[in-house]
Amino acid sequence: MGTTIKDIAKLAGVSPATVSRVLSGQTDFYSEKTAKKVKQAVKKLGYQKNTSAVELVTQKSHVLAVIISTIQTNAADQIIDGIQETAMKNGLDVIILYAGEKNPDLQRRALETVIERAVMGILLVAIDLNTKNDALLRSANIPFLFLSIGFLKGRFPFISSDDFQVGYQATKYLMDKGHTKIGFAAADPETVIGQLRLAGYWKALSSNHVTPKLDWVYDGEFTYDDGIAAMSYYEQHTDLTAAVASSDLAAIGMLNQAQKLGIQVPNDFAVISIDGTFLCTIMRPQITSVTQSFREMGVKGVETLLSQSIKQFKSLYTPIKITERQSS
């Protein structure tokens with residue numbers, strides 16, 4: 001196996017991104033001392049520069065990198081469809097890498113893999129990036145954008161639903177249906193998405209003078225199994241009459257477990273899910289949802305990276321809507 005940019009970076013004591021810039025002759029981002037160390041490492045290792053290293057920094061590449069988490073929901077499918085369709089229309093190829101879930105080491109490996117290749121931009125789908133990897137992403141000098149996740153205080157540019165409003169509108173919908181004892185199931189409070197949605201949930205309750213109990217919120221990670229566990233917990237420990245499910249899969253878990261426990265949905269217990277994918281329509285009863293514009297996130301993500309204003313871009317919220325079905 002030949003010498004790689006990672007090998008040079010390790011020997012020179014710099015980042016792979018810095019090596020790529022030195023090899024491509026870009027002088028704005030490193031010192032002459034750094035360039036000398038890189039060139040010495042190149043000579044010692046016998047590295048042969050190829051065109052992909054040049055394309056990486058000159059932005060001539062026609063490859064778009066998509067980094068995606070392995071979280072167990074199906075929402076990313078529509079985002080990828082939007083990315084692929086828009087990329088093809090613009091003559092771009094797409095590569096997809098997985099970065100695990102809440103794993104800073106896997107995130108770093110995915111970023112390094114992208115950085116040492118020739119890509120024109122990076123789209124990070126539902127990646128709650130560990131702060132340890134912020135500097136690596138920013139130093140790559142490659143346009144990037146987060147999709148389906150928002151950040152506070154302008155940490156990163158993103159295109160996403162307004163997750164505060166997602167939590168707020170889901171809860172308000174159930175309250176408008178006459179419910180006051182409403183749970184929130186499987187919203188991971190350790191993630192930005194979970195924190196924002198829970199904040200919206202609490203705001204909707206407090207605006208209607210309802211004080212939630214601690215056991216109304218059941219932690220989880222948006223999965224089917226978390227939905228099953230949440231419904232079992234609610235049945236045994238609470239007197240709730242409705243709940244917001246953090247994803248369509250979590251909602252399906254809740255409905256299936258409700259049937260097993262003899263709970264009728266929606267007569268005994270109402271459920272509204274977050275996402276609104278096709279899964280909502282294949283269940284019986286069909287699931288009421290806060291429907292997100294996932295495909296639009298993918299389309300606008302590619303269009304934004306291709307635009308001349310990407311450096312000034314901060315954030316964009318795509319539309320959400322309540323799709324009423326049979327579970328509420």
Side-chain angles (χ1 to χ4, degrees), residues 66 68-69 71 73-87 89-90 123-128 144-152 154-177 184 187 191-204 207 222 244-251 271-283 286-307 309-310 312-328:
V66 178
I68 188 169
S69 72
I71 188 169
T73 73
N74 66 317
D77 295 348
Q78 295 178 45
I79 299 175
I80 297 299
D81 285 346
I83 291 172
Q84 290 275 24
E85 181 179 325
T86 311
K89 288 180 179 178
N90 288 277
L123 293 174
L124 301 99
V125 179
I127 299 289
D128 196 353
F144 67 87
L145 195 60
F146 284 78
L147 303 181
S148 191
I149 185 170
F151 295 96
L152 301 175
R155 179 183 168 199
F156 290 121
F158 64 85
I159 298 175
S160 176
S161 301
D162 184 337
D163 283 301
F164 177 89
Q165 282 298 320
V166 167
Y168 181 90
Q169 295 299 334
T171 309
K172 183 178 183 299
Y173 170 84
L174 292 173
M175 301 197 80
D176 289 344
K177 289 291 184 179
F184 203 116
T191 63
V192 175
I193 293 173
Q195 291 166 8
L196 289 171
R197 291 177 180 176
L198 284 169
Y201 161 78
W202 289 322
K203 179 64 175 179
S207 296
F222 311 98
V244 179
S246 63
S247 71
D248 294 343
L249 284 173
V271 175
I272 182 172
S273 75
I274 294 172
D275 285 344
T277 67
F278 76 95
L279 293 179
C280 292
T281 64
I282 64 176
M283 279 295 294
Q286 294 186 350
I287 306 171
T288 296
S289 66
V290 179
T291 302
Q292 302 190 67
S293 304
F294 291 121
R295 185 181 175 281
E296 184 176 346
M297 293 178 197
V299 171
K300 289 189 177 297
V302 178
E303 291 177 346
T304 302
L305 284 182
L306 290 170
S307 72
S309 58
I310 179 61
Q312 288 74 44
F313 185 84
K314 299 299 181 183
S315 63
L316 172 69
Y317 290 124
T318 50
I320 60 173
K321 64 179 180 180
I322 301 291
T323 305
E324 190 170 56
R325 299 186 181 93
Q326 300 162 349
S327 68
S328 56

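Note that the structure is predicted; figures quoted are calculated from it, not measured.
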All heavy atoms of S160 vs all of S148, minimum pair found to be OG-C, 3.5 Å
Heavy-atom nearest pair, D163 first then G150, reads OD2-N, 4.5 Å
Just do the side chain to side chain contact (heavy atoms under 4.5 Å, CB included) check on I272 and I322 with the steps written out, would you? CA-CA 9 Å; I272 182 172; I322 301 291; 4.1 Å; yes
Could you grab the distance from atom [atom1] of [X] to atom [atom2] of [Y], nearest 0.5 Å is fine?
X	Y	atom1	atom2	value
R197	Q169	CZ	CD	13.5 Å
L147	M297	CG	CE	8.0 Å
L174	D176	CG	CG	9.0 Å
L196	D162	CG	CG	7.5 Å
Q78	R295	CD	CZ	9.5 Å
D275	C280	CG	SG	7.5 Å

[X] side chain to [Y] main-chain N or O, any donor-acceptor pair under 3.5 Å?
X	Y	value
S315	P157	no
Q292	I320	no
D128	V192	yes
T86	I83	no

So do the side chains of [X] and [Y] get within less than 4.5 Å of each other, counting heavy atoms only?
X	Y	value
L145	L305	yes
I149	F158	no
D81	E85	no
F144	F156	yes
E296	P319	yes
S293	S161	no
F222	T191	yes
T288	T323	no

Inset, instruction - May I ask you to check whether F146 and F151 place their ring centres under 6.0 Å from each other? - result: yes
- Is E324 salt-bridged to K177, going by a charged N under 4.0 Å from an acidic O? yes
Side-chain donor-acceptor pair under 3.5 Å between [X] and [Y], yes or no?
X	Y	result
D248	T277	yes
Y317	Q165	no
R325	S289	yes

* Dump the intermediate steps for side chain to side chain contact (heavy atoms under 4.5 Å, CB included) on K203 and F164, then the final yes or no. => CA-CA 9 Å; K203 179 64 175 179; F164 177 89; 3.7 Å; yes
Practice task
Start with the C-alpha gap between S273 and S247, add the side-chain angles, then the distance that decides, and say whether side chain to side chain contact (heavy atoms under 4.5 Å, CB included) holds.
Solution key: CA-CA 6 Å; S273 75; S247 71; over 6 Å; no
